[in-house]
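Note that the structure is a prediction, hence the values are computed from the model and not measured. Every heavy atom of this structure was used, including side-chain atoms; hydrogens, water molecules and symmetry mates were not.
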Amino acid sequence: QIMTKLCYFILIILCTSAGVNTISAQKYHTEVELSWWTDTTAHPELIPIVNLYSNYLNSSPDSVYDNRFWNKHEKLIYRDFDLSSNSLFQGGLTAKTIFGNFIPMLLKIEKKDNIYQLTTLLKARAHVGEQTQPYNPLAIMVYAVVLENGEWKMANILPYRTANWSKSQKDYITLYSSETKANNPLIVEKCVTFCDSICDYYDLKKPKPFSVYTVNGTHELGELLGYDYYIYGNAEGKSINNLIISGNGSAYYPHEFIHQLWPENDKRNQLLNEGIATWLGGSMNQTYLEVAQKFSSNALIKVDGNFEKAVDDHTLSLYAQGAILCEMVYKHSGTADLKLLLKKDTSDNDKLLKAILEITKWDLDTFNTNWKVYLSKISKG
């Protein structure tokens, strides 16, 4: 998933406002504010839960490691075990940046059967300024708190919100939905057929089993991630670990399937991550050709088709630019070289450009010329 324009704007505000903490790996500490409902003086039985939440926030929740405040079961089945963190700490935002600018306020802690449900709000600190008011609060988040070997541990709310959902399964894909009709055998068959075809054509290993949760819209998607409110754009799909959340009302979501199928590379540029998924699976209910034509026309007008300027222009789609690049490399150099490009270290834009030139055997001027010609052809349909 690409950082949204809205999130990018917030990042600029947080990093340039006077007195705020800049992005850093330095240590930090944040205090948790309590509401009337979570005041431990009036409700001493909540002290262990409040302490757990506070300890978790101060244990670098933006980092993936064996965090002792999270339950062991989810750490075993998910690499990025806190499903909410993928949205909260995107685009370079860190725990220090977020909590240095937004106060975590614990609104309520409710007993739900054998778990607690914890609801918290992130509200802007006074020094952040009026420009952030449209994004205040930043989020209202919901966690589960579970008992593990006599100790309370943090957990995702997803399994509790979907406990009674209908389920269907074929091969390595399991579908979940609150609406039975969304999980009919034809849909799961279609999902598996698409994934098999991609694996066969590009000689990829069949994926590990993954689940698809189908909801309607961005807000319901956010609820499964652990948000009752969030401002991170209008994404209709999310692929984290071995699960997909589809917010477009359909379990068939080719873009997110590609994220599950294509081998991971932590040093792959986001442009390529989203590019390969968009080229092979479309984006936001649009085909690759639709997003490519729109991007090409806009890029030719705004940046005269310049590749590097387009990367830096956050009004242009990184998804579409990456998709066009994948197709261009594929048509020029073939499948093997496209796969090689996706394996390379392209973690910053300089490395990305260097890798493109190595793969295509073009110099920079030739690449820029060919890129602009390619955009012109696409824009004409």
Side-chain angles (χ1 to χ4, degrees), residues 1-2 79 171-173 191-210 239 241-242 244 253-283 286-293 295-296 299 305-308 310-311 317-378:
Q1 174 189 333
I2 187 174
R79 178 181 179 273
D171 294 344
Y172 46 81
I173 300 179
C191 296
V192 172
T193 299
F194 172 82
C195 292
D196 281 349
S197 69
I198 294 294
C199 291
D200 291 343
Y201 187 85
Y202 291 98
D203 193 24
L204 304 176
K205 292 181 180 179
K206 293 294 174 67
K208 295 179 180 179
F210 65 88
S239 179
N241 303 297
N242 58 340
I244 291 170
Y253 209 131
H255 180 100
E256 301 301 340
F257 293 160
I258 299 301
H259 286 310
Q260 293 289 327
L261 301 175
W262 210 272
E264 291 185 3
N265 175 4
D266 290 340
K267 294 185 178 181
R268 185 185 298 142
N269 197 291
Q270 190 73 350
L271 181 144
L272 290 175
N273 267 334
E274 296 300 344
I276 188 65
T278 301
W279 180 45
L280 298 179
S283 176
Q286 292 182 302
T287 66
Y288 159 66
L289 287 177
E290 288 172 324
V291 297
Q293 285 179 346
F295 171 87
S296 298
N306 183 278
F307 183 86
E308 292 173 276
V311 172
S317 170
L318 195 69
Y319 285 52
Q321 185 173 6
I324 294 170
L325 176 62
C326 287
E327 183 186 55
M328 185 178 178
V329 171
Y330 169 77
K331 287 189 173 181
H332 176 267
S333 303
T335 301
D337 279 349
L338 173 62
K339 292 173 70 174
L340 179 59
L341 176 62
L342 292 165
K343 287 180 180 178
K344 282 182 171 290
D345 179 357
T346 54
S347 51
D348 61 46
N349 292 338
D350 289 338
K351 291 179 179 178
L352 170 64
L353 193 57
K354 180 182 177 182
I356 294 169
L357 300 182
E358 287 177 352
I359 291 290
T360 60
K361 306 295 191 296
W362 291 330
D363 59 31
L364 183 58
D365 287 340
T366 302
F367 168 67
N368 283 328
T369 298
N370 291 345
W371 173 256
K372 187 173 179 178
V373 169
Y374 206 73
L375 294 187
S376 297
K377 289 180 179 178
I378 292 174

Going by the rule side chain to side chain contact (heavy atoms under 4.5 Å, CB included), which residues pair with [X] if we only count those two or more places apart in sequence or in a different chain?
X	value
E327	W279, Y288, K331, Y374, I378
P254	F194, Y252
T366	W362, D363, N370
A299	F295, V303, L316, L375

* Asked: Taking only residues two or more places apart in sequence or in another chain, which ones pass salt bridge (Lys or Arg N to Asp or Glu O under 4.0 Å) with D348?
  ->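 Counting only residues at least two positions away or on another chain, D348 forms no salt bridge (Lys or Arg N to Asp or Glu O under 4.0 Å).
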
Write down the atom of [X], the atom of [Y], and the distance for their closest heavy-atom approach.
X	Y	value
R268	P263	NH2-O, 2.8 Å
K339	Y202	NZ-O, 2.7 Å
V291	S283	CG1-O, 4.2 Å

* Separation between CD1 of I258 and SG of C195, rounded to the nearest 0.5 Å ->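 Reported to 0.5 Å precision, the distance equals 7.0 Å.
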
Would you tabulate the side-chain donor-acceptor contacts of residues 350-358 under 3.5 Å, counting partners in other chains and residues two or more places apart, or write 'none'?
| residue | atom | partner | partner atom | Å |
| --- | --- | --- | --- | --- |
| K351 | NZ | D345 | OD2 | 3.2 |
| E358 | OE1 | K344 | NZ | 3.3 |

* Taking atom types as modelled, find out whether N273 and Y319 have a side-chain donor-acceptor pair closer than 3.5 angstrom. =>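 Short answer, no.
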
* Asked: Is the closest side-chain donor-acceptor distance between N349 and N269 under 3.5 Å?
  -> yes

* Asked: Is any side-chain N of the basic residue among K206 and D171 closer than 4.0 Å to the acidic one's carboxylate O?
  -> no

